[in-house]
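Structure, as structure tokens:
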Amino acid sequence: MNTGLILAHGLGGRSDLPVPLELALYGGGAAVVVSFVALGVLWPRPRLGLQPPAPPAPVGLARLVDAPLTTAVLRTLGLLAFVVTVIVAALGPASSGVNPAPTWLYVWLWVGLVPLSLLFGPVYRRLNPLRTLSRGISRLIGDPEELGGAALPKRLGAWPAAVSLLVFVWLELVYPAPDSARTVLAFLLGYALVHVAAGVVYGQRWFDRGDGFEVYAGLLARLAIVGRRPDGRLGLRNPLDGLARLRVDVSLLAVIAVLLGSTAFDGVTRTPWWEELASGRSTPLYLLIGTLGLLGCVCFVAGSFSLAAGAARTLGRRDEAEVQSLAASFAPSLVPIAVGYTVAHYFSLLIFQGQAGYILASDPLATGANLFGTAQWSIVYTAVSTGVIAIVQVLAIVLGHIAGVVIAHDRAVGLFRGRAKVRAQYPLLAVMVAYTCGGIALLVGA
């Protein structure tokens, strides 16, 4: 039974929306504008991150979460998942129709990081097998600084994470055979070699800024309803408070631009215009066109947002040092937008292709085994209708942008004074409306 990985993520389409595409575009843009107007009236001063902390979690739950045994179990599970995926990718058949390794990487890990991090916070930090491997190697070679490693150059920032993510999305969206098990094997081994070696050299702090998957998961975890209070205790919180405390530099803005730009490129590649442009090309030319297209989308996101932030500073008539890098100051507002785009693009992939991960797991090496009794199962494509998928796509984009407007407004009323609090936000609002309409058009109208 062929359950090959489908990397054309949007299974809902224009005809599946219960309303015309034009109405969806107008409605999405209007929702962002209305939320902006309401915030201007009802939200005159900064609130996010300034409210009293919520009550801490029950003592028993907090002890369970922070217990060394819990950490050990999570590290073991993460390492075991990595080793099994590498073995299956190496020894199993090359086709994703019978080998679950591609589904485990592109769906269970890449897409699964979203619900995992939104629900449980930065749990991937403890699941990360590369962090575990580097820790073990450091202990074996007797790291005199107890895993501290060499000093990590500040100028690196999160640039290694941005590059790591760019390589991964290039593999997924540009490379002609991303779902080949051998491609997955080469990526996993190469990625692990680079980051485990860096972790040994620079210590565990490397993964906080260098590992693209962990940095991405950390950004998502900022939106989790579960988080750490100022006193370090576990507790519930307003999900936007976590982003309000996020300090972004240019390198972390690049990470966010890669996330947003890659999902935009994913939508572009499913348009008739792109299919006509890329079809029939030789492999080198196809790779060149795809690479330039991906980089163009990433640069468009970074450039348009930076221009809007520069215009905001001009309209706000502020030249002080604390607002010299407004693009970085407002960058947290892009995180919920990135989450919305990710949900919109990958929701159907998770629902449908995610089933192949456990169906194929029963016979991962194609030997006729049925380890978990799922070998004869089929993907249930009626689990969610295409109409529901289309609605989820539009709502995810709109709600992500509304959350982004809230964060940007809260940051603006703290940086600007008087009427400039609202005036300075006009360029950012224009960009967000453009992102909203463009995202809906690419997803639903493609």
Side-chain angles (χ1 to χ4, degrees), residues 28-29 31-51 54 114 117-118 121 215-216 218-227 236-250 252-257 259-260 263 301-302 304-306 308-313 315-316 318 322-323 325-344 395-416 420-436 439:
V32 175
V33 173
V34 169
S35 64
F36 169 78
V37 174
L39 288 168
V41 175
L42 304 175
W43 199 305
R45 62 183 62 86
R47 296 182 182 179
L48 297 179
L50 301 177
Q51 302 298 321
V114 178
S117 302
L118 292 180
V215 171
Y216 175 43
L219 286 173
L220 295 170
R222 291 277 180 170
L223 283 168
I225 195 173
V226 178
L236 299 179
R237 66 181 181 186
N238 177 348
L240 299 184
D241 279 349
L243 283 178
R245 295 187 175 93
L246 177 64
R247 294 296 173 260
V248 178
D249 57 14
V250 175
L252 197 55
L253 176 59
V255 170
I256 301 172
L259 296 172
L260 273 173
T263 52
V301 170
S304 60
F305 189 75
S306 297
R313 188 181 68 177
L315 290 175
R318 293 296 300 272
E322 70 269 17
V323 294
S325 181
L326 273 185
S329 297
F330 285 103
S333 66
L334 291 177
V335 176
I337 296 174
V339 172
Y341 277 140
T342 301
V343 172
L395 286 179
I397 290 177
V398 172
L399 293 177
H401 281 83
I402 290 176
V405 168
V406 172
I407 295 170
H409 176 81
D410 187 79
R411 189 61 58 91
V413 296
L415 289 173
F416 301 105
K421 291 181 179 181
V422 175
R423 184 174 61 237
Q425 296 180 63
Y426 291 156
L428 295 168
L429 174 66
V431 166
M432 290 188 180
V433 170
Y435 288 171
T436 303

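Since this is a predicted model, take the numbers as computed values, not measurements.
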As a quick check of understanding, evaluate side-chain contact (heavy atoms from CB on, under 4.5 Å) for F36 and V422, giving each step before the final call. CA-CA 9 Å; F36 169 78; V422 175; 3.8 Å; yes
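- A pairwise comparison of heavy atoms in L219 and L246 identifies CD2-CD2, 3.8 Å as the closest pair.
- Taking the side chain as every heavy atom from C-beta outward, M432 and S333 approach each other to under 4.5 Å.
- Under a 3.5 Å cut-off, the side chain of S304 and the backbone N or O of V301 do form a donor-acceptor pair.
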Please table the atom pairs, donor to acceptor, closer than 3.5 Å between any side-chain atom in residues 336-344 and protein atoms at least two apart or in another chain.
{"from": "Y341", "atom 1": "OH", "to": "Y435", "atom 2": "O", "distance (Å)": "2.4"}
{"from": "T342", "atom 1": "OG1", "to": "A338", "atom 2": "O", "distance (Å)": "2.8"}

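- Closest of all the heavy-atom pairs between A331 and I256 is O-CD1, 3.8 Å.
- Between the R411 side chain and the S329 main chain, a donor and an acceptor come within less than 3.5 Å of each other.
- Summarising the geometry, atom CG belonging to L259 is positioned 10.0 Å from atom CG belonging to L334; distances are rounded to the nearest 0.5 Å.
- Scanning both residues, A221 and G121, for their nearest heavy atoms gives CB-C, 3.4 Å.
- For the residue pair I397 and T436, the shortest heavy atom distance occurs at CG2-O, 3.9 Å.
- Scanning both residues, A311 and P427, for their nearest heavy atoms gives CB-CG, 3.6 Å.
- With sequence neighbours excluded, no residue satisfies side chain to side chain donor-acceptor pair (under 3.5 Å) with T263.
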Taking only distance into account, with no hydrogens and no angle test, what donor-acceptor pairs under 3.5 Å do side-chain atoms of residues 38-50 form with protein atoms, sequence neighbours excluded?
{"from": "W43", "atom 1": "NE1", "to": "R45", "atom 2": "O", "distance (Å)": "3.2"}
{"from": "W43", "atom 1": "NE1", "to": "D410", "atom 2": "OD1", "distance (Å)": "3.0"}
{"from": "R47", "atom 1": "NH2", "to": "L42", "atom 2": "O", "distance (Å)": "2.9"}

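- The CD1 atom of I225 lies 11.0 Å from the CG atom of L118; values are rounded to the nearest 0.5 Å.
- The CG atom of L429 sits 7.5 Å away from the OG atom of S35 when rounded to the nearest 0.5 Å.
- Here the side chain of R237 pairs a donor or acceptor atom with the backbone of A224 at under 3.5 angstrom.
- Between A412 and F330 the shortest heavy-atom distance is N-CE2, 3.7 Å.
- Side-chain N or O atoms of H409 include none that pairs as donor or acceptor with a backbone N or O of V405 at under 3.5 Å.
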